[in-house]
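Everything numeric in this text was worked out from a predicted model, so none of it was measured.
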Amino acid sequence: MSDPGHTSLQASMKPRHLVMMRLGSAIGTGLFVGTGGVIAAAGPAALLAYVIAGFIVICVMRMLAEMVAADPNPGAFSYYAGKALGAPAAFATGWLWWIQMCLVVAAEAIAAAQILSELVPIVPSWVFALSFMLLFTGINLAAVGEFGEFEFWFSLVKVGFVVVFLVLGVLFLLGLTPGDSPGLTHLTETPFMPTGVSGVAAALLIVAFAFGGVEIVAIAAAETSRPAHSVAKATRAIVWRIVLFYMGSVAIMVLAMPWDDPDLHSAPFVAVLNVAGLPAVAATLGLVIVLALLSSLNANLYGGSRMVFSLAERGLVGRGRASRLFAGTNTRGVPVVSVLGTSAFGFVAVLLNYFWGEAVLGMLLSVVGSTLIVTWVCTIVSHLVLHYRARREGTELPVRMWFFPYVSWFTLACVAAVVVLGMTVPAIRTQMLLTFALTAVLYGLGVLASRRGIDALT
């Protein structure tokens, strides 16, 4: 059980754990399930959507690295929002991201269960989903060092598969596999932007969801012995992996098959391997995707639990016993109540999946997409405020943002452009407006909480 009198996380995470945890949270639903939707929305211009989102996420990671190296905290961007913008901003950003993590954990449990249920049809998907939630809640209740080691090897499996896919895709395009290679015809004989700017705008939000999880490196850095060194190393290692895994995979897909092929939209990795004449490899993909989704679930459950732990430590969960419970850890340094609270919605989603099946997954994916936009904006603005403040005070920063302030302001402009483009698409506009409305409500609650004395440690 959790000990409310003990509030220390253990610094037993290693840099390699951070790298694989970041990949574990990113290479999941967004890559294996969402890539087909990106190509369906934008055609070959899906590459442009990934370039834009990839640039943003790499810059946001560097900004987080600068702030974490100077002042590590498991609340990450929520904590920095409190320092830069005040307690209401910390409250709104932290709770919004925690809600997002709860939804993502549920979505990944259901997605993995549905895939496994197709491979083993005698077992209902809700049984698999329930089993996954029980298993990974238990793993997250283990000591953080054991969790990090588990996540490292779990993530390594799916990273290995993506590398194999990239190699086989290149061999196919070179005509070295049993399938007939199209060469570059699917790119040269097709308009690069067949669905126009609105298609790229629709794709950008799906890609934003795919890159969700970048913040977990900043959160986990607080449980390393050398946060500044660990987060800087993890950031450098992740940059080229994002470029290679995401953009490389999408490039092979749009070169290997016509962008409007329905098979590419529904199961892009399987479709490419089948067209390459490698059905045996494609047949194993279902299990790999299940592992990928479960690894992502594991990492995001960890991130969500540490966020609510940090919120409780800063007095943003409530007064009295509730705050003490969520801010408490057991003798292994695990915030037990925070883990259970974060996993709770996953169990609720299992019940919903029992009654409504696949419709639940689509609903969850549509809810979480635009919440990351708010996180990005908050992180960038907090970074700008804190960096300028450090300059005025003469504080030396262990890690610095590249070409400050130009790249920081340009990144913020890119995020603003994503929002503007998204507003031109009716479905995305509705989703963004709902997210912004929820953020405003949370900010208002944060103002009320601050007035009642529930203040962040800014």
Side-chain angles (χ1 to χ4, degrees), residues 20-21 23-37 104-140 147 149-169 171-172 177-179 210 213 241 245-246 248-249 252-253 256 263-301 346 349-350 353 357-358 360-361 364-365:
M20 297 308 291
M21 188 179 300
L23 293 173
S25 62
I27 301 178
T29 310
L31 180 61
F32 289 110
V33 179
T35 306
V104 169
V105 164
E108 284 161 342
I110 291 173
Q114 289 176 357
I115 294 171
L116 201 55
S117 184
E118 291 174 2
L119 298 175
V120 189
I122 60 172
V123 180
S125 64
W126 71 267
V127 173
F128 283 125
L130 178 60
S131 301
F132 295 151
M133 288 304 306
L134 289 170
L135 172 63
F136 289 99
T137 299
I139 289 171
N140 272 268
F147 161 82
E149 197 65 25
F150 180 89
E151 182 62 21
F152 175 84
W153 293 106
F154 211 11
S155 296
L156 196 60
V157 172
K158 60 184 178 182
V159 169
F161 173 79
V162 175
V163 171
V164 169
F165 174 80
L166 293 173
V167 172
L168 293 176
L171 292 176
F172 168 57
T177 65
R241 286 171 171 83
F245 293 155
Y246 273 89
S249 296
I252 286 173
M253 290 171 190
D263 290 338
L264 187 63
H265 300 167
S266 60
F269 283 82
V270 172
V272 170
L273 291 171
N274 281 332
V275 125
L278 302 167
V281 180
T284 66
L285 184 59
L287 289 176
V288 175
I289 292 177
V290 169
L291 288 176
L293 292 169
L294 295 181
S295 173
S296 184
L297 183 162
N298 194 36
N300 289 323
L301 178 54
V350 169
N353 186 51
E358 294 185 7
V360 177
L361 178 60
L364 292 174
L365 291 177

J.: Would you say the side-chain atoms of Thr137 pair up with the backbone N or O of Leu134, donor to acceptor, closer than 3.5 Å?
T.: no
J.: Which value, rounded to the nearest 0.5 Å, describes the distance between Phe128 atom CZ and Leu135 atom CG?
T.: 13.0 Å
J.: Check Ala276 against Thr177 and note the closest heavy-atom contact, atom names and distance.
T.: O-OG1, 3.0 Å
J.: What distance separates Glu108 CD from Met133 CE, expressed to the nearest 0.5 Å?
T.: 10.5 Å
J.: Measure the spacing between CZ of Phe161 and CD1 of Ile289 and express it to the nearest 0.5 Å.
T.: 7.0 Å
J.: What heavy-atom pair brings Val275 and Ala256 nearest, and what distance separates the two atoms?
T.: CG1-O, 4.1 Å
J.: At their closest point, which heavy atom of Val290 faces which heavy atom of Ala112, and how far apart are they?
T.: CG2-O, 3.8 Å
J.: Below 4.5 Å, heavy atoms only, C-beta onward: do Phe269 and Val288 meet side chain to side chain?
T.: no
J.: With rounding to the nearest 0.5 Å, note down the distance linking CZ in Phe136 to CD1 in Ile139.
T.: 4.5 Å
J.: How far apart are the C-alpha atoms of Val104 and Leu297, what are their side-chain angles, what is the distance that settles it, and do they pass the side chain to side chain contact (heavy atoms under 4.5 Å, CB included) test?
T.: CA-CA 7 Å; Val104 169; Leu297 183 162; over 6 Å; no
J.: What pair of heavy atoms forms the shortest contact from Ser249 to Val162, and how long is it?
T.: OG-CG1, 3.9 Å
J.: To the closest 0.5 Å, what do you measure between CG (Leu301) and OG (Ser296)?
T.: 11.0 Å
J.: So, for Ala113 and Ser125, which heavy atoms are closest and what is the spacing to 0.1 Å?
T.: CB-O, 3.1 Å
J.: Compare every heavy atom of Ser117 with every heavy atom of Pro124, then report the nearest pair and how far apart it is.
T.: C-OG, 4.0 Å
J.: What's the spacing between Glu118 CD and Ile115 CD1 if we round to 0.5 Å?
T.: 7.0 Å
J.: May I ask you to test the Ile252-Phe172 pair for a side-chain heavy-atom distance under 4.5 Å?
T.: no
